[in-house]
Amino acid sequence: MSKRRAPRELPSRARLLAAERGAPITRGAHAVALLAPVPYATAMSSLGFQTVHRLLAELPELCIERFFLPETGESLLSFESARSVHEFALIAVSLAWENELIGLMSCLQAAGIAPWAAERAPDSPPILLGGPITYANPLAFAPFCDVMLMGEAEGLLERMLHAQLEAPDKATWLARIGDWDGVYVPALHGECLRPLNCAPDTALPARSLIYSPYAEFADMHLVELARGCSRRCAFCVMRRQTGRSMRVLSAERVLAAADVELERVGLVGAAVSDHPQLLEVLEALLARGQHCSLSSVRADRVSEPLVALLRAGGARRLTVGVDGASQRLRDALFKGIRLSDIERCIDIARSHAMALKFYLMIGVPGELDEDLSDFATWLASAVRGTRSSLAVSPFVPKAHTPLEREGFAPAAELERRLGILRKLLGGKVELRATSVRWARVEAAIAGAPWSLAERAWRAHCAGGSFAAWRDEVLTWSEQQDPASRPWLES
């Protein structure tokens with residue numbers, strides 16, 4: 001994808017609305033609040049959020065209004081009409097990853113909603129959670145919501161909304177849908193997670209509904225190229241497939257979904273460069289005057305024709321995952337790429353004057369200092385003549401992966417390993433490191449049972465600083481044995 005913009009002050013709600021383009025929104029009698037517990041610019045660049053918005057907007061009985069994470073001290077009001085969330089019949093929340101729990105708690109507080117579903121009034125609007133977080137371990141979110149949609153939204157979300165329209169009250173609705181596959185009702189199922197919903201192929205691909213110049217991917221039409229992933233990387237929650245491997249969408253379907261009056265198209269997916277017709281899609285987009293970006297490419301899929309097409313379509317950078325710092329680590333992670341693949345990727349990018357962005361995890365099981373020092377020394381030499389950056393993040397063990405019971409490396413050790421990289425890269429490669437502190441929080445939520453929710457709320461009420469999370473959550477969480485997590489067995 002093109003480079004994400006740095007956070008900036010946005011114009012007023014009215015100006016943001018006026019600047020948006022996209023499909024008209026239906027306005028039925030049943031009001032649904034669609035909440036993203038992140039800022040506007042982030043939410044409007046999320047294909048998951050945009051897809052849920054589109055699915056809801058296709059139901060004529062509904063009136064959809066969006067809610068985004070408010071500034072500190074502001075109330076939670078709808079983006080379209082500044083209405084209170086209490087005026088809606090349902091609050092649907094789209095969640096991408098663990099640390100959005102922080103934003104969710106801020107939104108509940110800003111709206112004056114009691115944090116625990118069990119303590120809310122029977123006639124209060126139910127809270128429905130869904131999104132990529134359900135592929136991993138969403139148990140820390142469970143006490144905050146009435147129901148979760150597990151897995152893919154297409155097909156099931158519409159059924160759930162129609163059932164709510166027919167039910168006389170919240171309790172009846174939850175009882176009716178509680179035994180459906182893909183529906184998790186914490187009050188009924190406890191800490192036993194439910195199977196994931198699998199969308200029908202006919203509902204694919206996901207695609208954008210609304211475009212904004214103030215989104216992180218400004219004025220870009222996002223289109224899904226494939227659903228799922230055929231790779232089996234040991235750290236990735238996409239291993240938890242919904243009954244099938246990667247579902248490749250034909251070039252014709254992708255191009256039809258990208259047939260919009262917008263110049264910029266972003267092709268999105270867990271393994272975009274594995275699509276067998278990728279070059280055909282790029283050629284067709286270029287032929288009709290659309291510039292294209294890819295979310296990322298695998299080093300073993302980079303070729304001269306691919307990079308030439310991306311360059312002709314306006315791309316200026318390749319994003320490539322390295323993940324492990326040595327071949328031994330990449331093999332242990334089932335990454336499936338060789339050093340020769342990465343070297344060829346660098347050579348091709350250099351020949352097309354493309355910048356390179358690499359992703360690397362540190363703190364992976366079995367990692368040694370030599371792995372990092374050898375990698376940094378090699379990279380600083382290999383990328384000469386290219387504009388290169390290295391995005392480094394700590395390894396966070398995720399549920400439903402072979403590494404779910406591994407521990408999170410000590411923070412001081414991770415900072416020391418970052419120091420090795422910084423010293424040996426010597427400014428020849430720009431290093432951008434994810435916060436080790438907040439990666440610790442992510443790891444705590446990723447492996448958490450229900451009981452973390454109460455501790456997280458106390459941290460939020462204590463100001464939400466890292467110190468509050470450390471005192472209320474991390475000290476307790478890191479004393480737990482990662483090898484014994486019975487709530488992850490389901």
Side-chain angles (χ1 to χ4, degrees), residues 7 33-43 46 48-49 52 66-79 84-86 88 90-121 124-134 136-149 184 186-187 191 396 435 437-478 487:
L34 177 58
L35 168 64
V38 294
Y40 172 90
T42 302
S46 164
F49 180 79
V52 172
R66 292 166 289 168
F67 290 76
F68 305 104
L69 180 68
E71 298 289 338
T72 303
E74 292 184 356
S75 299
L76 184 69
L77 300 174
S78 77
F79 184 67
S84 165
V85 73
H86 297 277
F88 291 76
L90 175 71
I91 303 171
V93 186
S94 178
L95 293 163
W97 67 301
E98 287 81 3
N99 283 18
E100 287 182 4
L101 176 60
I102 298 168
L104 175 62
M105 293 187 296
S106 295
C107 289
L108 293 175
Q109 185 177 52
I113 297 175
W116 316 122
E119 297 178 0
R120 297 182 200 129
S124 64
I127 295 181
L128 164 65
L129 299 187
I133 190 65
T134 62
N137 170 36
L139 289 177
F141 295 82
F144 297 98
C145 75
D146 297 281
V147 58
M148 286 189 194
L149 192 162
Y184 169 49
E191 294 192 63
V396 174
S435 166
R437 288 183 166 190
W438 291 104
R440 287 177 64 190
V441 173
E442 179 187 354
I445 298 171
W450 274 25
S451 54
L452 181 134
E454 185 175 352
R455 295 174 180 273
W457 183 253
R458 290 205 299 263
H460 174 74
C461 293
S465 65
F466 175 77
W469 275 86
R470 181 195 60 214
D471 295 344
E472 296 289 351
V473 177
L474 297 181
T475 301
W476 165 81
S477 173
E478 292 168 2
W487 53 89

Report task. Could you tell me whether the side chain of Ile91 reaches within less than 4.5 Å of the side chain of Ile113, counting heavy atoms only? Result -> yes

Query raised in the report: Side-chain contact, heavy-atom cut-off 4.5 Å: Ser106 with His460?
Result: yes

Query raised in the report: Is the shortest heavy-atom distance from the side chain of Leu129 to the side chain of Tyr184 under 4.5 Å?
Result: no

Query raised in the report: Taking all atoms of both residues into account, what is the closest heavy-atom pair of Ser477 and Ala444, and its distance?
Result: OG-CB, 3.5 Å

Report summary line: Rounded to the nearest 0.5 angstrom, the CZ-CG distance for Arg120 and Leu108 is 6.0 Å

Query raised in the report: Roughly how far apart are Leu35 CG and Leu128 CG, rounded to 0.5 Å?
Result: 11.0 Å

**Report entry** Trp450 side chain reached by Pro186 side chain, heavy atoms, under 4.5 Å
**Finding:** yes

Query - Least distance between heavy atoms, Phe466 atom then Arg437 atom - result: CE1-O, 3.2 Å

Report task. Report yes if the side chains of Trp469 and Ile445 come closer than 4.5 Å at any heavy-atom pair, otherwise no. Result -> yes

Report task. List the atom of Ala448, the atom of Leu139, and the distance in Å for their closest heavy-atom pair. Result -> O-CB, 3.7 Å

Report summary line: The reported gap from CZ in Phe144 to SG in Cys107 (rounded to nearest 0.5 angstrom) is 12.0 Å

Report task. Begin from the C-alpha positions of Thr134 and Leu149 and carry the test side-chain contact (heavy atoms from CB on, under 4.5 Å) through to its verdict. Result -> CA-CA 8 Å; Thr134 62; Leu149 192 162; over 6 Å; no

Report task. Measure across Ala136 and Pro138 and return the closest heavy-atom pair with its distance rounded to 0.1 Å. Result -> O-CD, 3.6 Å

Requested in this report: Write down the atom of Pro70, the atom of Leu76, and the distance for their closest heavy-atom approach.
Outcome: CD-CD1, 3.9 Å

Report task. Nearest 0.5 Å please: distance from the CZ atom of Arg455 over to the CG atom of Asp471. Result -> 11.5 Å

Query raised in the report: Out of curiosity, Trp116 CH2 to Glu454 CD, how far, rounded to the nearest 0.5 Å?
Result: 6.0 Å

Requested in this report: For atom CD of Glu71, decide whether the heavy atoms of other residues, nucleotides or ligands shown that lie under 6.0 angstrom number more than 12.
Outcome: no

Requested in this report: May I ask you to decide if the ring planes of Phe49 and Phe68 are parallel, tilted or perpendicular, using 30° and 60° as cut-offs?
Outcome: tilted

Below 3.5 Å, can you tabulate the donor-acceptor pairs from side chains in residues 93-104 to any protein atom, sequence neighbours excluded?
from	atom 1	to	atom 2	distance (Å)
Glu98	OE1	Lys398	NZ	3.2
Asn99	OD1	Glu442	N	3.2
Asn99	ND2	Trp438	O	3.1
Glu100	OE1	Ala96	N	2.9

**Report entry** Residue pair Pro125 / Leu90: nearest heavy atoms and the distance that separates them
**Finding:** CB-N, 4.3 Å

Query raised in the report: Just how far is it from atom OG of Ser451 to atom CH2 of Trp476, taken to the nearest 0.5 Å?
Result: 3.5 Å

